[in-house]
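First the structure, in the form of structure tokens, and then the observations on it.
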Amino acid sequence: GVTLSFVVWLFASPAFAQDAREGFVGVGRVGFVFAGGGEAETECDGDCGLFADSDEDYDDESGAMLGMDFMGHVNENLRLGGGLMFFPATEIDFDDGGDYDAGSDLATQFIIEGVFDVSPTVALAVRGQVGAMFLFPDDDLEDDVEAIDDACTGAALESDVNEGPYVGFTFGGGGGAMGRT
């Protein structure tokens, strides 16, 4: 999904001059998801007499996001680090109708960010990020997992229902401006 973030600088260098960019930077973020989607997949390996594999498109309707990044300056124009993003309520809207509360997401990411001065008091930042995303089931998804497990047990099927957390791949990019306060 696409996330709009509001950045709070925790402990950044007070000057934007290139020779002042050194050490570590911590960045807190608060934001919300305003676009995105994907494909939900139901898979069964083994004796699946009750279930068939299926795929269904959805739109991401998640709300708030909290994030934290820690980066170190490699030089005056490049910083590397890691970050976390937490989505407390992951909600999706299936294309064939119906809202679905899946649980919460936690993303761990590697970050590379370029910082470029455009004036003595303003710098632009361009970033790329890649990592893993973990979905922790709750609400509707947790209910569905329990129902599938109960159905398999009741039908005497030999099954191993994945109860999560579910792991996926995430990547993204962004840009922003920094100014002296």
Side-chain angles (χ1 to χ4, degrees), residues 1-8 10 26-71 81-113 125-176:
V2 177
T3 306
L4 179 61
S5 300
F6 303 96
V7 176
V8 178
L10 295 180
V27 180
R29 293 181 287 128
V30 176
F32 61 94
V33 175
F34 68 90
E39 183 176 70
E41 297 178 9
T42 303
E43 296 177 351
C44 180
D45 296 327
D47 186 3
C48 306
L50 300 173
F51 305 100
D53 290 352
S54 66
D55 298 337
E56 191 172 358
D57 292 333
Y58 66 86
D59 295 320
D60 191 342
E61 301 290 332
S62 302
M65 178 277 300
L66 302 171
M68 188 65 164
D69 299 339
F70 293 99
M71 297 174 282
L84 298 171
M85 285 193 317
F86 179 65
F87 299 85
T90 301
E91 300 175 11
I92 56 179
D93 181 21
F94 286 106
D95 287 353
D96 66 357
D99 292 334
Y100 193 84
D101 295 328
S104 57
D105 284 318
L106 176 66
T108 60
Q109 301 173 328
F110 170 75
I111 300 166
I112 183 169
E113 189 169 83
V126 179
R127 80 162 30 201
Q129 55 199 41
V130 61
M133 184 169 266
F134 303 88
L135 172 61
F136 298 92
D138 198 10
D139 300 322
D140 295 332
L141 180 56
E142 188 174 48
D143 293 344
D144 284 350
V145 168
E146 288 175 12
I148 290 170
D149 192 34
D150 291 345
C152 289
T153 302
L157 294 174
E158 194 172 312
S159 67
D160 183 22
V161 176
N162 184 351
E163 296 178 5
Y166 306 106
V167 182
F169 178 72
T170 183
F171 66 93

Donor-acceptor list for residues 83-93 side chains, cut-off 3.5 Å, not counting sequence neighbours:
{"from": "Thr90", "atom 1": "OG1", "to": "Asp105", "atom 2": "OD2", "distance (Å)": "2.8"}

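- In terms of the side chain to side chain donor-acceptor pair (under 3.5 Å) criterion, residue partners of Asp144 (sequence neighbours excluded) are, by chain and number, Tyr100.
- Applying the side chain to side chain donor-acceptor pair (under 3.5 Å) test to Ser62 and every residue at least two apart in sequence or in another chain returns Asp60.
- Judged as a side chain to side chain donor-acceptor pair (under 3.5 Å), not a single pair has a partner in residues 165-174 (not counting sequence neighbours).
- With sequence neighbours left out, Asp69 forms a side chain to side chain donor-acceptor pair (under 3.5 Å) with Arg29, Arg127.
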Per-pair distances, 0.1 Å, donor-acceptor, side chain in residues 132-139, under 3.5 Å, sequence neighbours excluded:
none

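- Taken from CD in Gln129 to CZ in Phe110, the straight-line distance is 11.0 Å, to the nearest 0.5 Å.
- Rounded to the nearest 0.5 Å, atoms CD (Glu142) and CD (Glu163) are 8.5 Å apart.
- For Glu56, the side-chain contact (heavy atoms from CB on, under 4.5 Å) partners are Phe94, Asp96, not counting sequence neighbours.
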